[in-house]
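Heads up: the structure comes next, in structure tokens.
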Amino acid sequence: EPEVTQTPSHQVTQMGQEVILRCVPISNHLYFYWYRQILGQKVEFLVSFYNNEISEKSEIFDDQFSVERPDGSNFTLKIRSTKLEDSAMYFCASTRTGGSYEQYFGPGTRLTVT
Amino acid sequence: GENVEQHPSTLSVQEGDSAVIKCTYSDSASNYFPWYKQELGKRPQLIIDIRSNVGEKKDQRIAVTLNKTAKHFSLHITETQPEDSAVYFCAARPLSNAGNMLTFGGGTRLMVKP
């Protein structure tokens with residue numbers, strides 16, 4: 001059964017550095033998402049992406065964040081000038097079509113900002 | 001925006017007993033309600049979902065009920081087994097959003113004692 005994959009599984013970075021988190025959504029899916037989960041807290045929506053553009057974003061997704069689909073398979077989240085409070089698990093998810101609401105999550109990237 | 005509250009935050013049951021987790025939502029226009037199971041260090045896994053035009057859905061030992069008037073929905077697990085132990089998250093998708101954003105509840109840690 002196809003699954004969303006993410007790399008790396010764990011990223012350690014210093015405050016102020018830029019990181020890029022990578023995701024490969026399920027191949028025939030058209031909608032892509034990023035969520036984050038601070039340790040012990042709820043999953044929070046960051047952004048959704050469809051047809052090569054952002055379709056919705058939360059208040060968390062400010063100018064520090066950007067997303068890109070650089071090719072036909074990858075979907076990336078870039079975090080510029082990381083802060084300590086950016087430390088969290090970042091999940092990528094994908095949905096097949098607009099009429100299908102099911103979101104399938106990747107295994108996550110644990111980002112640790114020191 | 002949508003707000004989802006989930007209760008209880010922890011639930012301990014004896015193997016074989018039933019477990020019920022409840023969520024309330026604020027946006028009456030929400031039309032899709034998934035439940036995710038998250039084992040320690042793993043991805044959220046979609047286990048069951050329900051759309052607003054249905055009152056109940058069942059899949060083997062798990063079922064979800066939806067009360068649109070009261071704006072609450074519940075997860076029911078019967079004949080619980082130790083492998084059901086995990087954190088369960090409910091979520092809601094507001095109809096108004098274009099990006100399929102999910103708003104999650106705070107999670108319920110279910111412990112099934114053998």
Side-chain angles (χ1 to χ4, degrees), chain A residues 1-7 9-10 23-26 29-61 67 88-110, chain B residues 1-10 21 23-25 27 29-54 57 59 64 66 73 86-109:
Chain A
E1 185 175 328
E3 289 186 329
V4 177
T5 60
Q6 290 183 242
T7 54
S9 57
H10 191 192
C23 167
V24 178
I26 296 173
H29 285 197
L30 302 177
Y31 289 77
F32 316 119
Y33 318 87
W34 284 101
Y35 291 84
R36 79 172 185 189
Q37 186 179 32
I38 296 170
L39 189 63
Q41 298 186 21
K42 66 171 70 176
V43 177
E44 299 174 289
F45 171 80
L46 293 178
V47 66
S48 59
F49 191 87
Y50 169 71
N51 200 26
N52 284 319
E53 61 182 26
I54 290 173
S55 47
E56 190 166 18
K57 60 183 180 179
S58 71
E59 295 172 350
I60 303 169
F61 194 89
V67 289
M89 182 73 92
Y90 288 81
F91 291 104
C92 173
S94 67
T95 295
R96 189 162 54 90
T97 66
S100 171
Y101 298 152
E102 294 86 352
Q103 294 188 22
Y104 296 94
F105 280 69
T109 293
R110 179 165 298 285
Chain B
E2 175 66 279
N3 183 47
V4 179
E5 299 288 338
Q6 184 171 347
H7 299 280
S9 56
T10 60
I21 303 170
C23 288
T24 60
Y25 60 98
D27 187 343
S30 288
N31 66 339
Y32 172 69
F33 307 91
W35 285 89
Y36 286 85
K37 175 184 180 182
Q38 187 178 29
E39 297 175 71
L40 190 62
K42 301 282 184 68
R43 74 185 74 197
Q45 181 187 3
L46 179 65
I47 56 171
I48 196 168
D49 56 12
I50 193 167
R51 295 205 181 196
S52 58
N53 59 348
V54 176
K57 185 176 178 181
D59 182 4
V64 56
L66 171 65
F73 56 111
V87 178
Y88 291 81
F89 290 97
C90 63
R93 177 196 181 277
L95 177 64
S96 58
N97 81 69
N100 285 333
M101 164 186 169
L102 292 178
T103 299
F104 282 81
T108 296
R109 181 174 300 281

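A note on names: the letters A, B, ... follow the listed sequences, proteins ahead of strands, and every chain is numbered from 1. Side-chain atoms are counted along with the backbone in the values below, which use heavy atoms only and exclude waters and symmetry mates. This structure is a prediction, so every number in the text was calculated from the model and none was measured.
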Legend entry - A:Lys57 NZ: over 12 foreign heavy atoms closer than 6.0 Å: no
Legend entry - Enclosure of B:Arg109 CZ (heavy-atom neighbours >12, cutoff 6.0 Å): no
Inset, instruction - Can you tell which part of A:Tyr50 gets under 4.5 Å to a heavy atom of chain B, answering side chain, backbone, both or neither? - result: neither
Inset, instruction - Indicate yes or no: at least one non-hydrogen side-chain atom of A:Phe91 is less than 4.5 angstrom from one of B:Gln38. - result: yes
Legend entry - Side chains of A:Tyr104 and B:Leu46 in contact at under 4.5 Å (non-hydrogen atoms): yes
With rounding to the nearest 0.5 angstrom, report the [atom1] to [atom2] distance, [X] to [Y].
X	Y	atom1	atom2	answer
B:Phe104	A:Tyr35	CZ	OH	5.5 Å
B:Arg43	A:Glu3	CZ	CD	4.0 Å
B:Phe33	A:Tyr101	CZ	OH	11.0 Å

Inset, instruction - Could you look at B:Pro34 and say if it's the side chain, the backbone, both or neither that has a heavy atom under 4.5 Å from chain A? - result: neither
Legend entry - Engaged part of B:Val4 at the chain A interface, taking heavy atoms whose separation is under 4.5 Å: backbone
Inset, instruction - Could you tell me whether a side-chain N or O of A:Gln103 sits under 3.5 Å from a main-chain N or O of B:Asn100, the two making a donor and an acceptor? - result: yes
Inset, instruction - Could you tell me which non-hydrogen atom of B:Phe89 sits nearest to which non-hydrogen atom of A:Gln37, and how far apart they are? - result: CZ-NE2, 3.4 Å
